[in-house]
Amino acid sequence: MLLDEECKGCLYNSQLKKVEKEQGAGERFEDFKRGVKALCQNPPAEYCAPLLMRDIDRLHRKIFGCGIDYSCEKHLFNSKLLQMEDELYLQIKTSAEPICEAMKLAMAANYIDFAKLSDLDESAVDTVLTAAKKANPENAAMQSLKNKLKTAKTLLYLHDNCGEIVLDKILIRIIKEIYPHVSITSAVRGAPVINDVTVEDAEEIGLTEYARVITNGADIPGTYLKEISAETLELLGTSDIVISKGLGNLETLYGEGYNIFYSFTCKCEHIAKRFGAALWSAVFTEEK
């Protein structure tokens, strides 16, 4: 999906707010501000939001010597949701529709996104749990997923944000219990960027107990086909089922010819309009 004007404004405002809070005003911050403005005003014609965010993070590395640091936010949300994992898992496991209930939580958890909302705090967890109760996965997509799980041998799960990954883990646990014949591979980012999941984050929350975790080999908050690893690209084409989480993966993969299940929260007006959903609603749909 091509870069939207709304995306430019979001990334400009959220990242400047984050960096100014951490680095303070000064000459280097002004250099960063000018650089981000230039990136947002003059991106290449075929750019998408994840590529712009990658360039903003690289600019920060050039000026400040490191990427924009979200390690505290990542650890906060991972820890908070890990404390709730067992209770949520039991509620879902004993429900009438465990796969559907687990998907609702995973869909809603995509709200935890510091590219869009730079000042999230722990109250975001309550927002996620409330949104999950209202979530309404597309019936056709959910039935298609269940049908495919009956015979599938391999599933590729493309992760997005920290905190959110704990609820992805619950969904993976439920899938493994109901469909033990399915081998699951979890793909995470190849390097830290925003609050997106890395191998270290996956290990922190215990995802490696339920899935084989690989990196996609790129420092982009998405799955950009031109830069991901050969292994990830092969799995996209050969896995029986692909589940993609979040807007970054959606914006880099939608329309590229793959049969993918997309799970995300509509945090942008243009995304909500594209999928005929309300702003801030959770969506689960299939692209065939």
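Partners of Leu225 under the side-chain contact (heavy atoms from CB on, under 4.5 Å) rule, at least two apart in sequence or in another chain, are Ile228, Leu233, Leu236, Leu253, Glu256, Tyr258. Phe284 is linked by a ring pair (Phe, Tyr, Trp, His ring centres under 6.0 Å) to Phe261, counting only residues two or more places apart in sequence or in another chain. Remark: Glu22 engages Lys18 in a salt bridge (Lys or Arg N to Asp or Glu O under 4.0 Å) (not counting sequence neighbours). Not counting sequence neighbours, Glu234 has no partner by the salt bridge (Lys or Arg N to Asp or Glu O under 4.0 Å) test. In terms of the salt bridge (Lys or Arg N to Asp or Glu O under 4.0 Å) criterion, residue partners of Glu97 (sequence neighbours excluded) are, by chain and number, Lys146. When the side chain to side chain donor-acceptor pair (under 3.5 Å) test is applied to Thr151, no partner is found at least two apart in sequence or on another chain. Lys80 pairs by the salt bridge (Lys or Arg N to Asp or Glu O under 4.0 Å) definition with Glu122, not counting sequence neighbours.
Considering only heavy atoms from C-beta on, Thr154 stays 4.5 Å or farther from Thr238 through its side chain.
Within the structure, every pair that satisfies the ring-ring contact (aromatic ring centres under 6.0 Å, His included) test and touches residues 128-159, not counting sequence neighbours, is listed here: Tyr157-His159. Each ring-ring contact (aromatic ring centres under 6.0 Å, His included) pair with one or both residues in residues 195-219, not counting sequence neighbours, would appear here, but there are none. The side chain to side chain donor-acceptor pair (under 3.5 Å) contacts involving residues 126-139 comprise Glu138-Thr285, where partners must be two or more places apart or lie in separate chains. Under the ring-ring contact (aromatic ring centres under 6.0 Å, His included) criterion, the residue pairs touching residues 220-255 are Tyr254-Tyr262, Tyr254-Phe275, with sequence neighbours excluded.
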Under 3.5 Å, sequence neighbours excluded: what are the donor-acceptor pairs made by side chains of residues 23-50?
unit_1	atom_1	unit_2	atom_2	d
Asp31	OD1	Arg34	NH2	2.4
Tyr47	OH	Asp55	OD2	2.6

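Of the possible polar contacts, none joining the Asp219 side chain to the Gly190 backbone as a donor-acceptor pair under 3.5 Å is found.
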